[in-house]
Amino acid sequence: MIVSQFLVLASLLFSLGVYGLLVRRNAVTVLLAVELMLAGVNINFIAFESVIRDSLASGQIFTIFVLTIAAAEVGIGLGIVLLIFRNRATGNVDELDLMKW
Amino acid sequence: MTFGDWISEPTNWAFLVMAIPLVLAAWRVVTSRNVVHAALSLVFALAASAGLFILLGAEFVAWVLVLVYIGAVIVLFLFGIMITRAPIGMEAELSHAKRWPAALAALSIFTTTSWLSVDAFGTTEIVDVGVPTSTEVLGRGLLGQFVLPFEAVGFLLLAALIGGVTLARRDDNPAEEEARLAAEETEAKP
């Protein structure tokens, strides 16, 4: 195995996430696309770690940090989506134009 | 290295077996017209990436991914879908009608990042494939060299927990709450 195949796969996953982030209207599906981008980044971390193989396994430790922060992000993000849905009765991000002039 | 050399390695077969479903599931996540199907495709994509982690020797991280994501985060997503009454079932309005700018942005990001990484790393081989990193190394790293970011992440999770509760609670205005209680009292008096 070469490292480039993992890097190309990770960038494909990341760009699919970017596509979903830009094209989706529903806020929950936007968050799903963000998860996809984070999965691409995690694959990058693990692939580099398996090449470098440092004694601390820093790549894997940072993947754990990314997972933790992503879990926190999903919790807060869904809380915000819930609140917006309760106040504005919509889950679509393009209808939230209160701060646009 | 030719493609024939590449495909003759058995580990690359394992890679393809996980990478192709991963990309297909990721495609379903961003294009599916059904929100629940998109969330369940994300389960599939994350399971495939956990398989890739095992292939690269990151066993502990792979199982953390399965536990935290497939176990907890997806359940949270499904709750979010159900609570916000996001259209369950076919829904044409889930994505914007105009898709080419997003596709252009995604394509340019893909070409740039993949070209740069292939240019920089070329055919760097991954040696000792499948040799797992012991969990002891990770534990010693997390509570040794990386103890400060570890504590910071723990604090962040606590803050996210409190923030999530505060956001999602049906927060009655304290003044309104007092007025309501007073009204109930006066009602109960006679």
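It should be emphasised that the depicted structure is a prediction, and the values quoted were computed from it without experimental measurement. Here is the naming used below: chain letters follow the sequence lines, and residue numbers restart at 1 for every chain.
Using a 4.5 Å cut-off between side-chain heavy atoms of Ile, Leu, Val, Met, Phe, Trp and Tyr, with links allowed through other members, A/L16 and B/L107 fall into different hydrophobic clusters. B/V36 and B/L24 fall within the same hydrophobic cluster, where Ile, Leu, Val, Met, Phe, Trp and Tyr residues are linked whenever their side-chain heavy atoms come under 4.5 Å apart, directly or through other members. Using a 4.5 Å cut-off between side-chain heavy atoms of Ile, Leu, Val, Met, Phe, Trp and Tyr, with links allowed through other members, B/F44 and A/L12 fall into different hydrophobic clusters. Linking ILVMFWY residues whenever their side-chain heavy atoms come closer than 4.5 Å, directly or via other members, leaves B/L67 and B/L138 in distinct clusters. A single hydrophobic cluster is not seen to contain both B/L157 and B/L142; linkage of ILVMFWY side chains at heavy-atom distances under 4.5 Å, directly or through other members, places them apart.
Of the two parts of B/L46, only the side chain, counted from C-beta on, holds a non-hydrogen atom closer than 4.5 Å to a non-hydrogen atom of chain A. The parts of A/A70 that come within reach of chain B are both its backbone and its side chain, each placing non-hydrogen atoms under 4.5 angstrom from that chain. When heavy atoms are compared at a cutoff of 4.5 Å, B/S108 does not approach chain A at all. Contact of B/F15 with chain A is made through the side chain alone, with heavy-atom distances under 4.5 Å. Of the two parts of A/T29, only the side chain, counted from C-beta on, holds a non-hydrogen atom closer than 4.5 Å to a non-hydrogen atom of chain B. Interface remark: B/W115 contributes no atoms to any contact with chain A (heavy atom separation under 4.5 Å). Neither the backbone nor the side chain of B/L161 has a heavy atom closer than 4.5 Å to any heavy atom of chain A. Interface remark: B/L42 contributes side-chain atoms only to the contact with chain A (heavy atom separation under 4.5 Å). Proximity to chain A (any heavy atom under 4.5 Å) is restricted, for B/F60, to the side chain, taken from C-beta onward.
Closest approach of B/A26 to A/L36, counting heavy atoms only: O-CD2, 3.7 Å. Here the shortest heavy-atom pairing between B/T133 and A/E49 reads OG1-OE1, 4.3 Å. Taking every heavy atom of both residues into account, A/S50 and B/L56 meet most closely at OG-CD2, 3.5 Å. Across all non-hydrogen atoms, the minimal contact from A/L22 to B/A102 is CB-CB, 3.5 Å. Taking all atoms of both residues into account, the shortest heavy-atom contact from B/F77 to A/L31 is CE2-CB, 3.6 Å. Closest heavy-atom contact between B/L167 and A/L83: O-CD1, 3.1 Å.
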Could you go step by step and tell me if A/L7 and B/V118 meet the side-chain contact (heavy atoms from CB on, under 4.5 Å) rule?
-> CA-CA 8 Å; A/L7 301 184; B/V118 169; over 6 Å; no

Please test B/V61 against A/N42 for side-chain contact (heavy atoms from CB on, under 4.5 Å), starting from the C-alpha separation and ending with a verdict.
-> CA-CA 10 Å; B/V61 184; A/N42 282 340; over 6 Å; no

A/V23 vs B/V30, side-chain contact (heavy atoms from CB on, under 4.5 Å): CA-CA, chis, key distance, verdict = CA-CA 8 Å; A/V23 91; B/V30 293; 5.7 Å; no

Kindly indicate, with the supporting measurements, whether the criterion side-chain contact (heavy atoms from CB on, under 4.5 Å) is fulfilled by A/I64 and B/F150.
-> CA-CA 10 Å; A/I64 293 174; B/F150 181 69; over 6 Å; no

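The candidate with the highest count of non-hydrogen atom pairs below 4.5 Å against chain B, out of A/S4, A/G20, A/G79, is A/S4. When each of A/I69, A/V30, A/L67 is scored by its heavy-atom pairs under 4.5 Å with chain B, the top score falls to A/L67. Note: B/L156 leads B/T112, B/V68, B/I74, B/L156 in heavy-atom pairs under 4.5 Å with chain A. The greatest number of non-hydrogen atom pairs below 4.5 Å with chain B, out of A/L32, A/V8, A/L13, A/I80, is found for A/L32. Between chain B and the options A/V51, A/V81, A/L78, heavy-atom pairs under 4.5 Å are most frequent for A/L78. Heavy-atom pairs under 4.5 Å with chain B peak, among A/A39, A/A72, A/G59, at A/A72. Of the listed residues (B/A159, B/G163, B/P149, B/A45), the greatest number of heavy-atom pairs within a distance under 4.5 Å of chain A belongs to B/P149.
Interatomic distance, A/S55 OG to B/Q145 CD, rounded to the nearest 0.5 Å: 8.5 Å. In this structure, CG in A/L38 is found 11.0 Å from OG in B/S49, a value given to the nearest 0.5 Å. Separation of atoms CD1 (A/I46) and CG (B/L52) is listed at 10.5 Å; rounding is to 0.5 Å. For the atom pair B/T113 OG1 and A/F14 CZ, the distance stands at 8.0 Å (nearest 0.5 Å). Between atom CG of residue B/L16 and atom CG of residue A/L9 there is a gap of 10.0 Å, rounded to the nearest 0.5 Å. Rounding to the nearest 0.5 angstrom, the gap separating the CD1 atom in B/I126 from the CD atom in A/Q5 is 6.5 Å.
Between B/F121 and A/F48, the ring centre distance stays below 6.0 Å.
Taking the six-membered ring for Trp and thresholds of 30 and 60 degrees, A/Y19 and B/W27 have nearly parallel ring planes, at less than 30 degrees apart.
By the 4.5 Å heavy-atom criterion applied to side chains, A/F85 and B/I83 are not counted as neighbours. A heavy-atom distance below 4.5 Å is not found between the side chains of B/F110 and A/V18.
More than 12 heavy atoms of other residues, nucleotides or ligands sit less than 6.0 Å from atom CZ of A/F65.
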